[in-house]
S.K.: 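Let me give you the structure first, and then I'll get to my questions.
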There are 2 protein chains.
Amino acid sequence: MEDFAAVSGISRPTLSKFFNDPGSVRVSTKKRIEEALEKYDYQPNLYAINQNRRLTKNIGVVVPYLSDPFFAKIARVIEDHILETGYKPVLLGSHGRPELEIENLENLRSIKPAGVLLAPLGRASDRAHIDTFCNDVPSVLFDANIDGIGAPFVGSNNEQSVGIMVDYLCRTGEPPTFFEMKSPTNPNAFKRRHAYIASMEALGHEPNLIQAAGEGWEFEEIGFQEGRRVVRGGKLPTNTILCSNDRLAIGFLSAAFEEGVRVGLEPGCTLRVAGHDDHPFSRYTCPTLTTVSQDYEAIAKRSVETLFERIEGKTTADSREETLFDGRLVMRASA
Amino acid sequence: MEDFAAVSGISRPTLSKFFNDPGSVRVSTKKRIEEALEKYDYQPNLYAINQNRRLTKNIGVVVPYLSDPFFAKIARVIEDHILETGYKPVLLGSHGRPELEIENLENLRSIKPAGVLLAPLGRASDRAHIDTFCNDVPSVLFDANIDGIGAPFVGSNNEQSVGIMVDYLCRTGEPPTFFEMKSPTNPNAFKRRHAYIASMEALGHEPNLIQAAGEGWEFEEIGFQEGRRVVRGGKLPTNTILCSNDRLAIGFLSAAFEEGVRVGLEPGCTLRVAGHDDHPFSRYTCPTLTTVSQDYEAIAKRSVETLFERIEGKTTADSREETLFDGRLVMRASA
DNA sequence: CATAAAACTTTACTCGCGTAAAGAATTAAT
DNA sequence: ATTAATTCTTTACGCGAGTAAAGTTTTATG
């Protein structure tokens, strides 16, 4: 930088200022610097820069599973929003493992990020550890909430999203039976279960739950196995299935197909299946999956905005806000 | 660190040595340090550590699309292998955009990684830029090859993998028609096309190509659109389709289903469809997709090994090796 | 037990930049 | 044009380690 200051004719402190915020120097000098930059292509050393900064311009993004297209999708939108602000997103996946989740957080801590966006694993997460982390580093949770954590939450309004789906299904056919995992890893699953029961009762129907055994994040497989069992047994309370999420539905549809059960609205179909989340693949299932889409864009945008409010200290630490966005019914062929 | 040296009773240079390689100090001192570490939980500053290292212990991993389960899967395996070596993987996705690909590389350069594993976009990639990068930083390409780049390549043997599939299909029914994109982004696509033609000719069959229009990485959609067109038109040379990759096949299957064309081996089916890659979702398509699985594990392992050979300077820069692994036929219901 | 080798401590310098303070130069406002 | 406010330049120090060199202590070897 010293050398670059010499050849560019600009003092080092001014250069330093420029690299921290190009807008903080006079336009004329900004231009001079940029011209010199092209000529000598100097690049400040990332490590030296951050060593003396209390906060870096990095923002951590931690999701449970990077290989889950759902998280890949929302992470991508979040990344874009972070880039817009001039910060640098650092994307980390926890592979469904709680140890890796906290390891990711600790690694992030060591890069002194300005803030962190965390979609926690859920039930398996190390609540206490996450809590202390959120107190140390400006954070906001998204997708999955953890009660009692000192960080704002941005996510979907499961009450509403499940509600409109139950309404729709009841209006257009038999009331749905709820298909879910017995012990879900994800807190949204519990909310959806309750939302289903509440919606059904509000409409005067008796709720029915089918709870698949199985642990972990292999939702398609669990949906497939239990789906096959259920379809074979023929013991469905109604001819309509509402899956707790699309990945379960994808497995279920695969099982139904294999068992020769026709799913959909067309004549000859004996089953309706709906999902939740508008998973990227739900567009290509057979039949295409009727589902409710989370407002990815809004969730991503609001998460980033909320984080920056935190970073800039606009919100006090104790204002634990939750922002929920409504889902949108996506009607396709399966229900 | 100075403070920690004081309280732990170990000199700072020894601590420094320990943090760089815990095995480089006497076991007794190692124990003393670790005990002190638990008591005072000190953590060296990441930025200060790397500032004076010419090479850090980071290894960059760049893939075209993080939201593509295929890349998510192989990236995950690669991450595991890197972690085993004591290095830290830094995963970056290019979202299919060539500018982002080189931006990722430049960002990596600024963290002075020990090496980089790159799965290039392919045709769209900035060849020259990647080449200079590979000359500066120890790199190995995987998945997609770029000719004339000064870095080893590890990938799949498309000749073999397409070959066994064509053999299988010809042996069990009508010879396959090849379904692909007209102008594929990925170099593997070209290899597969040629492998298909060669295999067909070797077996005395006439090759047939169906080439879908469309650009980009929305393979399912392209497979769906073109698949529907083709199925509707009824102008298929044979009753067997071999798709250039599973994502096209997923779209194709969806289109076939929608058009009421039954796919598979069972009586009543009028079409066979096969894919390539053993995409995580190919297990749940309707019908389940017959495909050929790339040897993810071997590719990941060998890529990392090759990179470390480069890093440690065992291989000379001009030895441009290519390692290809055979695929494995995965017989399921669609063909 | 003597000796060599290995591991450690002390001391001191380096890296590349952040940043504070004081003064000089430029720009904006009256 | 004068003054005040910005913006720069100069100078100087700090950050948290890596690392080299010389001297000291511990461990292995015979």
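In what follows, chains are A, B, ... by sequence order, proteins preceding strands, each numbered from 1. Scope of the values below: all heavy atoms of this structure, side chains included, with no hydrogens, waters or symmetry mates.
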S.K.: Atom CE of M1(A) to atom P of dT19(C): distance rounded to whole Å?
M.R.: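 Checked: the CE to P distance equals 11 Å.
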S.K.: Please state how far atom CD1 in I111(A) lies from atom C1' in dG16(D), giving the value in whole angstrom units.
M.R.: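 The answer, rounded to whole Å, is 17 Å.
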S.K.: Give a yes or no on whether the ring-centroid distance for Y42(A) and F19(A) is below 6.0 angstrom.
M.R.: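 Yes, the ring centres sit under 6.0 Å apart.
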S.K.: Any idea which of dC17(C), dT10(D), dA17(D) is nearest the R12(A) side chain?
M.R.: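 The answer is dC17(C), which lies nearest to the side chain.
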S.K.: Would you tell me if any nitrogen or oxygen in the side chain of S28(B) comes within less than 4.0 Å of OP1 or OP2 on dT26(D)?
M.R.: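 Indeed not, no polar side-chain atom of S28(B) lies that close.
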S.K.: If I take atom CZ in residue F18(A) and atom P in nucleotide dG18(C), what distance separates them, rounded to the nearest angstrom?
M.R.: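 Going from F18(A) (CZ) to dG18(C) (P), I get 12 Å.
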S.K.: Measuring to OP1 and OP2 of dG18(D), would you say a side-chain N or O of N20(B) lies under 4.0 angstrom away?
M.R.: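 Checking N20(B) against dG18(D): at least one side-chain N or O falls below 4.0 Å of OP1 or OP2.
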S.K.: Expressed as a whole number of angstroms, how long is the span from Q51(B):CD to dG14(D):P?
M.R.: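 Going from CD in Q51(B) over to P in dG14(D) covers 16 Å.
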S.K.: Are K112(A) and Y47(B) in a cation-pi setup, meaning NZ or CZ lies under 6.0 angstrom from the ring centre and within 45 degrees of the ring axis?
M.R.: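 That pair does not qualify as a cation-pi contact.
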S.K.: Under 4.0 Å from OP1 or OP2 of dC17(C): is there any side-chain N or O of Y42(A) that close?
M.R.: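 Yes.
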S.K.: Rounded to whole angstrom units, what separation is found between the CG atom of N50(B) and the C1' atom of dC15(C)?
M.R.: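 Nearest whole value for this atom pair: 12 Å.
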S.K.: So does S16(A) get a side-chain nitrogen or oxygen closer than 4.0 Å to the phosphate oxygens (OP1/OP2) of dC17(C)?
M.R.: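 It does not, given that no N or O in the side chain of S16(A) lies less than 4.0 Å from OP1 or OP2 of dC17(C).
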S.K.: Please compare P44(B) and R26(B) by the position of their nearest nucleotide in DNA chain D and report the one closer to 5'.
M.R.: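 The residue whose closest nucleotide sits nearer the 5' end is P44(B).
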S.K.: Does OP1 or OP2 of dT9(D) have a side-chain N or O of T14(A) closer than 4.0 Å?
M.R.: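 Affirmative; the distance criterion is met.
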S.K.: Between R310(B) and E305(B), is there a salt bridge with N-O shorter than 4.0 Å?
M.R.: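 No, no charged N to carboxylate O under 4.0 Å.
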S.K.: Out of the candidates V154(B), V63(B), N186(B), only one should pair with D143(B) under the side-chain contact (heavy atoms from CB on, under 4.5 Å) rule; please name it.
M.R.: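 Of the listed options, the one satisfying the test is N186(B).
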S.K.: Report the distance from atom OH of Y47(B) to atom C1' of dT14(C), rounded to the nearest whole Å.
M.R.: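 Taking atom C1' of dT14(C) as the reference, OH of Y47(B) is at 21 Å.
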S.K.: Are T29(A) and dC8(D) close enough that a side-chain N or O sits under 4.0 Å from OP1 or OP2?
M.R.: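 Answer yes for this pair, as a side-chain N or O of T29(A) is under 4.0 Å from OP1 or OP2.
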S.K.: In whole Å, I'd like the distance from the CD atom of E2(B) to the P atom of dA12(C).
M.R.: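 Taking CD of E2(B) and P of dA12(C), I get 13 Å after rounding.
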S.K.: May I ask you to check whether over 12 heavy atoms, not counting those of K88(A), lie within 6.0 Å of atom NZ?
M.R.: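 Enclosed: over 12 neighbouring heavy atoms sit under 6.0 Å from NZ of K88(A).
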S.K.: Find the distance K30(A):NZ to dT26(C):P and express it as a whole number of Å.
M.R.: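 To the nearest whole Å, that distance equals 22 Å.
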S.K.: Can you figure out which of dT9(C), dA17(D), dT9(D) approaches the side chain of A48(B) most closely?
M.R.: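 Of all the options, the side chain of A48(B) is nearest to dA17(D).
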